[in-house]
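See structure below.
Just so it is clear, the structure is predicted and the values come from calculations on it, not from any experiment. Sequence lines set the chain letters: A, B, ... in the order given, protein chains first and strands last, and positions in each chain run from 1.
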Protein chains: 4
Amino acid sequence: MAITKEERKRQILEMSIKVFAKQGFHKAKIEDIAIEANIGKGTVYQYFTSKKELFKEMVAYCMMGYNSQLEAIIVSQLGIKDKLVALVDFYDVYIREHFDIAQMILSQTELLSKEMKDWIMREKVKTHLLIEKMIDIGIEKKEVRPDIEREVAALAIIGTLNQYLGKKVLIQGHKGPKIDSAPLVSFLLKAIQ
Amino acid sequence: MAITKEERKRQILEMSIKVFAKQGFHKAKIEDIAIEANIGKGTVYQYFTSKKELFKEMVAYCMMGYNSQLEAIIVSQLGIKDKLVALVDFYDVYIREHFDIAQMILSQTELLSKEMKDWIMREKVKTHLLIEKMIDIGIEKKEVRPDIEREVAALAIIGTLNQYLGKKVLIQGHKGPKIDSAPLVSFLLKAIQ
Amino acid sequence: MAITKEERKRQILEMSIKVFAKQGFHKAKIEDIAIEANIGKGTVYQYFTSKKELFKEMVAYCMMGYNSQLEAIIVSQLGIKDKLVALVDFYDVYIREHFDIAQMILSQTELLSKEMKDWIMREKVKTHLLIEKMIDIGIEKKEVRPDIEREVAALAIIGTLNQYLGKKVLIQGHKGPKIDSAPLVSFLLKAIQ
Amino acid sequence: MAITKEERKRQILEMSIKVFAKQGFHKAKIEDIAIEANIGKGTVYQYFTSKKELFKEMVAYCMMGYNSQLEAIIVSQLGIKDKLVALVDFYDVYIREHFDIAQMILSQTELLSKEMKDWIMREKVKTHLLIEKMIDIGIEKKEVRPDIEREVAALAIIGTLNQYLGKKVLIQGHKGPKIDSAPLVSFLLKAIQ
DNA sequence: TATGAATGAGCATTCATTCAT
DNA sequence: AATGAATGAATGCTCATTCAT
């Protein structure tokens, strides 16, 4: 019956995502999060030492699993085209879930310790390297032209996905239908093949 | 020979860019801006009714001229390749100047009125349409393949530029040498030709 | 073989002395005392209704026995000089044990109920009367000059002991050697003989 | 017409003495002090960076002048007896004015920085040395017996004054008549002559 | 009886904004 | 027009106390 410490912490984190996403860091009040989680204000402080700390842990919580899911796609036996399709679908789901919070994380870096910023940067680099790896595998499998500039290609894929999915979700809202990956994938294939 | 109201206002705006960029909206204090502009705190309120208002005017001030400069490139007599080169160079300069502020604008939309957000959105759409126009001209001039998905292509170009330049500026800092546009341009050409 | 209620209460009191003395009333946390006593925070409330109540009981606990020990010296068969020596030795031990707490008690009277303050005042008066009694006995035994102002003399003895021992303990710390009573005693004797 | 910064600061200090003395450091609210001084809460923070800082400045403000007044008495041409009388009178006035605050200062040393504590300690040492100086001058002028233990005598004088005046003020309140110095002085003279 | 997770009243502090000079 | 002293609403955080287990 009793809720474990870990569950309670996760519960607060989930609610903080909602509130931070809706209000932004500064407008969000600890009390709002507590009310949302249906607990007392002080209880939040049993699990997180400060508002900033809660924010940081939420950021880590949101980014957790991102790269490992990405890697699963990259190292799969799929052809480059199917990988791109899987990538779009993954971004589609991820951005819908984390759209508001993602923007905040990018911007409110003032709140994050150097350590945390470095960690985020490292995660981004990992993402970049995974995409480069995908390109390498593609070259090996003769699915990607061998003269490609890997760095440019990787940045282009990430930038295009962000821009495209970002726009779609922004216009359709989080509840819209799954994005059609076909046009995006065919454009990217043209560029890398 | 007192300076005009307009000059004083511009002076405050310029200083507010510095301070907002360095501190972010919430950490930036009106007093900091006043000190930076070498005027009294109260004087700021002679020109702007509130901190938020100042922020909004600063946003407009920063985005002003963006699309018109872009259009000048698009409608020029340059070939598609040279347009892309000019685009990269323009982004290079613009992002260096507005890197910090650009992130803030994207994120701190909570601060902006619906009207202002709509205006920003319309400006973004204008940018998008300008890039699409560039593609259309390219198709007409047989410099771009005619079967291209114009929306995807435009988003890809914008997304790629953002990601590429963003990364370069982040790593090299604002003072680094001009970015080499060649690899980026050749990648994009491959995708659209 | 559970310990009795009384023992547990004494145990908490002893630990509260340590913590109150080190931290002062306001900085001392009930949890600190509980941790020090190796019990749960809630358990403290089984024995004391509130932090203030605990503080008050600690004050009473510390002062308990003070006057009775003093009286033992006063009514003893010792001559006035030996009584003064015994007094210095007693103060020496007492102040070492209760130095930190003594200062607190004097100051944080805001915390004490009128009743408690009155009780402390009465204890002080008792102390004063005991010293006066010592003087009276001394006069009877022709060890003290008969024209002495008893009140002044008593206050002087108490004040001098406090000042002298307080300074010595403050400088030497609680672990220093026993104070040499000779110079103090000879000075006081000169005044009252 | 306009109040100077210095006057405003002094005004806040004076009011803080009242409030700190009545409530103690912890119960005293900045708002109370502001209300008492008939100013806004925020104004206090224009003059003092924090509540603790205000407390420290108040302590310094209260102790300021103490030793210099004392010295004036010590180095005067008065005989030892008249010096003691002047001393009692000075203590009488000083303790009436600072009775509540004096107790607080002694106790709430937790609030004071090491630097401030050291300063207080040095001031106390100065006081002690001044009294020793008085004794030395007395010996020179053959008003004090030459075999006296200077340290003990100084501590005894200070301790006796504190105890005696403290008791009198405690019983009579701050509004009572001037203390009769005669019995105290004659007792102390007996001890040192 | 013992526990410690949950609670929320209470307060120091900040800073945008006002307004008398 | 320019100033900066004064203001007070707003909020993060602490910790004594409660109470379900």
Side-chain angles (χ1 to χ4, degrees), chain A residues 1-5 8 12 25-35 37-54, chain B residues 2-5 8 25-35 37-55, chain C residues 2-3 5 8 25-35 37-55, chain D residues 1-5 8 12 26-35 37-54:
Chain A
M1 254 267 335
I3 252 177
T4 71
K5 280 212 141 201
R8 174 55 54 100
I12 296 171
F25 179 81
H26 285 97
K27 276 198 189 167
K29 286 172 249 168
I30 286 290
E31 191 160 17
D32 296 339
I33 293 166
I35 288 169
N38 213 31
I39 56 175
K41 200 174 17 155
T43 307
V44 175
Y45 285 90
Q46 298 255 343
Y47 295 88
F48 304 92
T49 53
S50 71
K51 188 183 176 184
K52 262 166 99 167
E53 190 58 34
L54 170 56
Chain B
I3 60 178
T4 70
K5 277 208 122 193
R8 173 58 54 99
F25 179 82
H26 285 98
K27 278 198 188 166
K29 289 175 233 167
I30 287 289
E31 190 159 19
D32 296 339
I33 294 166
I35 289 169
N38 215 28
I39 57 175
K41 205 178 3 165
T43 309
V44 175
Y45 285 87
Q46 303 277 344
Y47 296 88
F48 303 92
T49 55
S50 72
K51 188 185 180 184
K52 262 165 97 168
E53 189 57 34
L54 170 56
F55 182 77
Chain C
I3 59 178
K5 276 206 124 194
R8 173 58 54 99
F25 179 81
H26 285 98
K27 278 199 189 167
K29 289 173 235 166
I30 287 290
E31 189 159 18
D32 295 339
I33 294 167
I35 288 168
N38 214 28
I39 57 174
K41 203 175 8 161
T43 309
V44 175
Y45 285 87
Q46 303 278 344
Y47 295 89
F48 303 93
T49 55
S50 72
K51 188 183 179 184
K52 263 166 97 167
E53 190 56 35
L54 169 57
F55 182 77
Chain D
M1 254 261 338
I3 251 177
T4 71
K5 280 212 141 202
R8 174 56 53 100
I12 295 171
H26 285 98
K27 277 199 191 168
K29 284 173 253 171
I30 287 290
E31 191 159 17
D32 296 339
I33 293 166
I35 289 168
N38 212 30
I39 57 174
K41 202 174 11 158
T43 307
V44 175
Y45 285 89
Q46 299 253 343
Y47 296 88
F48 303 92
T49 54
S50 70
K51 188 183 177 184
K52 263 166 97 166
E53 190 57 34
L54 171 56

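Taking the nucleotide of DNA chain F with the nearest heavy atom to each of D:Lys5 and A:Lys29, the more 5' of the two is matched to D:Lys5. Nearest-nucleotide positions on DNA chain F for B:Ile39 and A:Glu31 put B:Ile39 closer to the 5' end. Comparing C:Gly42 and B:Ile30 against DNA chain E, the residue whose closest nucleotide sits nearer the 5' end is C:Gly42.
Contact between A:Arg8 and A:Thr43 at its shortest, heavy atoms only, is NH1-CG2, 4.0 Å. For B:Lys5 against B:Tyr47, the heavy-atom pair with the smallest separation is O-CE2, 3.7 Å. Taking both residues in full, the closest heavy atoms of A:Ile12 and A:Val44 are given as CD1-CA, 4.2 Å, listed atom of the first, atom of the second, then distance.
The base of E:dA6 sits with one of its N or O atoms less than 3.5 Å from a complementary donor or acceptor on the side chain of A:Gln46.
Protein atom CD1 of B:Ile33 is 17 Å distant from nucleotide atom C1' of F:dG4, rounded to whole Å. For the pair B:Asn38 CG and F:dG4 P, the computed distance is 10 Å after rounding to whole Å. Between the CD atom of A:Glu53 and the P atom of F:dC13 there is a distance of 11 Å, given to the nearest Å. We find that CZ of C:Phe48 is positioned 16 Å from C1' of E:dA2, with the value rounded to whole Å. Atom CD1 in D:Ile35 sits roughly 17 Å away from atom P in F:dA6 (whole-Å rounding). Per the geometry, CG belonging to C:Asp32 stands 15 Å off P belonging to E:dG4, to the nearest Å. The nearest whole Å value for the distance from the CD1 atom in A:Ile12 to the C1' atom in E:dA6 is 11 Å. At whole-Å resolution of the value, NZ in B:Lys27 and P in E:dT13 are 19 Å apart.
Checking the phosphate oxygens (OP1, OP2) of E:dT7, no side-chain nitrogen or oxygen of A:Tyr45 falls inside 4.0 Å. In this model, the phosphate group of F:dT3 is not approached by any side-chain N or O of B:Lys41 to a distance below 4.0 Å at OP1 or OP2. Regarding contacts with the backbone of E:dA5, every side-chain N or O of A:Thr43 stays at 4.0 angstrom or more from both OP1 and OP2. Listed pair C:Arg8 / E:dA2 meets the phosphate criterion, a side-chain N or O lying under 4.0 Å from OP1 or OP2.
Ring geometry, B:His26 versus A:His26: the interplanar angle falls under 30°, so the pair is classed parallel (tilted spans 30 to 60°).
F:dT3: Watson-Crick or G-U partner is E:dA20, with both key distances under 3.5 Å.
Residues C:Lys51 and C:Ile33 fail the side-chain proximity criterion, which asks for heavy atoms closer than 4.5 Å.
Among the atoms of the strands shown, only primed sugar atoms or phosphate atoms (P, OP1, OP2) are found under 4.0 Å from some heavy atom of A:Ala28. Within the nucleic acid shown, A:Tyr47 comes within 4.0 Å of sugar-phosphate atoms alone, with no base atom in reach, counting heavy atoms only.
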